[in-house]
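The structure under discussion appears below in the form of structure tokens.
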Amino acid sequence: MTTAVSLQQVSRHFGPVRAVDNVTLDIAEGEFFALLGPSGSGKTTCLRLIAGFDQPTSGHIEIFGETAEGLPPYKRNVNTVFQDYALFPHMTVAQNVAYGLMIKGLARTEREPKAEAALAMVKLSGFGSRRPSQLSGGQRPRVALARALVNQPKVLLLDEPLGALDLKLREQMQEELKALQKQLGISFVFVTHDQGEALSMADRVAIFNEGRIVQAGTPADVYERPRSRFVADFVGSSNVMSPGFSAAHGGPNAWTSLRPEKISVLKATQAPGTGLGSADGPVIAMHYQGAVTRIVIMAGDTRLTAAIAAGAAHFAEGETARLVWSKDSLVAMESP
Amino acid sequence: MTATVRGSYLFYRRPGLLTLLLLAPPILWIGIVYIGALLALLLQSFYSLDDFSGVIVREFTLKTYGELFERSNIEIIGRTVTMAAAVTVTSAVIAFPISYFAARYARGSTKAMFYLAVMMPLWSSYLVKVYAWKLILAKEGIITWIAGELHLAWALDALLSTPVIGGPSLSISYIGTYLVFVYIWLPYMILPVQAALERVPGNLIEAAADLGATPKQTFRTVILPLALPGVVAGSIFTFSLTLGDYIIPQIVGNSRAFIGQAVYTLQGNAGNIPLAAAFTVVPMLIMGLYLAMAKRLGAFDAL
């Protein structure tokens, strides 16, 4: 498989701040790749290095085998969908979309049908004569998308493009983006701080923390086998057990992660069953969340949370509950 | 319940009333003092002066406007408009890079220095500045001296011997008038252009580059169109201030009159208020035409 974007030991320092710190990363052609991390973790800076808005302090960037550092953005065959879309306010939607083609010197008669086709692709046919200010919140990212895709980039960079949308619209756009990426077969590099978004859309995810990639892999990989407490907590929620607690409850003698939905909850009088790990403790909170209820207990001084189907069990606060899990669900981690 | 409390509830229930109350004084001020005076002026321009008695005939006539088209008056108007256009274009050309630097690159104390440098000339008296320029431009002034020291006196002489714009010295030529106009009005161009450039989001410039535009193309297709309302605002200042000014050409320049001087003389010594009024309508018409043209060309599309 061809490598679309390759970052080799790339760092970007702003004075003493290491915004991107020794990042190595390969993104394949046609891959949907998510850069996931909390704000300030370096994922957007990484994207800006690929786009060319910023230059690395050290390291090497290649786009389809071509050295990219030192190359200005207008010489790179990548396009960006900006976080706040950056639509040109003095142009119509059609002029916005056709901008890249106009810059390339295409005649009006050539670029107008292409722009219209790009607008149709993002389901905005007939909106060409509007101004960006006349569009709704859900239409603006579509224009930004059409404006980038009309140039037929080999890599599309997306900087939290759905961050400003409400939940319903966001879910709809996620589906459409994923379908569009499959249809076009180009690489998408997608920056987000929303782990649900990253897991549901991406082929592979790189998780950023403090300028470094702490883990990369398929969504199932990073969710099922977090290598550190940070990943376990940031991607979904997790119960992190100390080596002592884990070993005492049938797990490995290491920092261990256990997902809440892998735990079932019994009354203290019920036997846990053979070959299962378990812990008892008083219930300190029940959080009703619609589809699931989260039950929090204190097992000694370790706090454990179980997620069960709503209504599957009821406990009063302070009542002792028995949490039971399969030992396969325990994931030993490399670092706390 | 006391009356004051009831009064404050009244404004709470009818917020429009409070707005009206707050707006009434400025509306009255603008309506009577400003627009009223303008209408009175307009009315005067439709009267005429009796040539023999020197008395103003208060009857509607277009005779006074007809007088505007006399050769000497047309020359005054042409001269003033040409000067105003030259001053405006020059101010825009000088102001743009300064404003661009201030808006995009200057930060913190550099920016404070910029504001200080642009605003400070506005704090000192206009007359002092114009007289200072008269000395600078005079035949015995520093420019002549520097040109002599640099053995460039011939260049200065060549410039001054240019027909129409030249003269016996810089201070007695259109070149001098033009230089002083540009100096005096430049801040009024810089500030609105800088404000407009300040409002151009940085990510639009990145987006243009991302879509393949070189810095030059980005400037032409994104930065300039978005800064245009600022340039138009600035040019309204420089253009109309030059159109109406009568002090600068009086102090620095030759004896040929500008609109402002014509108005000053007509309403003073000559007592020809109708023609003075007709003269002042000219800049208003020109500004109206200018704005209509700017709007047509899309200068305000980004607003």
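Labels below follow one simple rule: chain letters A, B, ... track the order of the sequence lines, proteins then strands, and each chain is numbered from 1.
Note that the OH atom of Tyr85(A) and the CG atom of Leu204(B) stand 14.5 Å from one another [nearest 0.5 Å]. Atom CD1 of residue Ile103(A) and atom CZ of residue Arg220(B) lie 6.5 Å apart, to the nearest 0.5 angstrom. Distance check, rounded to the nearest 0.5 Å: NZ of Lys104(A) to CD of Gln217(B) gives 11.5 Å.
Thr221(B) and His90(A) make their closest contact through O-NE2, 2.8 Å (heavy atoms, listed as atom of the first residue, atom of the second, distance). Shown here for Leu211(B) and Phe88(A), the closest heavy-atom pair between the two residues is CD1-CE1, 4.2 Å. Between Val222(B) and Tyr99(A), the shortest heavy-atom contact is CG2-OH, 3.7 Å.
No donor-acceptor distance shorter than 3.5 angstrom exists from the side chain of Asp210(B) to the backbone of Asn79(A), with no hydrogens or angles considered.
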### Task
Please step through side-chain contact (heavy atoms from CB on, under 4.5 Å) for the pair Asn203(B) and Phe53(A), ending with a clear verdict.
CA-CA 10 Å; Asn203(B) 66 3; Phe53(A) 304 136; over 6 Å; no
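Residue Leu87(A) touches chain B through its backbone alone, counting heavy-atom pairs closer than 4.5 Å.
Atom CZ of Arg104(B) sits in a crowded spot, with more than 12 heavy atoms from other residues, nucleotides or ligands closer than 6.0 Å. More than 12 heavy-atom neighbours from other residues, nucleotides or ligands sit within 6.0 angstrom of CD on Gln134(A). By the 6.0 Å contact criterion, CZ on Phe237(B) is open, its count of non-hydrogen atoms from other residues, nucleotides or ligands being 12 or less. Counting heavy atoms of neighbouring residues, nucleotides and ligands inside a 6.0 Å radius, atom CD of Glu198(B) exceeds 12 of them. Heavy-atom contacts from other residues, nucleotides or ligands closer than 6.0 Å to OH of Tyr290(B) number more than 12. Environment of NZ in Lys178(A): crowded, with over 12 heavy atoms of neighbouring residues, nucleotides or ligands closer than 6.0 Å.
Residues of residues 58-77 of chain A lying under 4.5 angstrom from chain B, judged on non-hydrogen atoms, are Pro73(A), Tyr74(A) by number.
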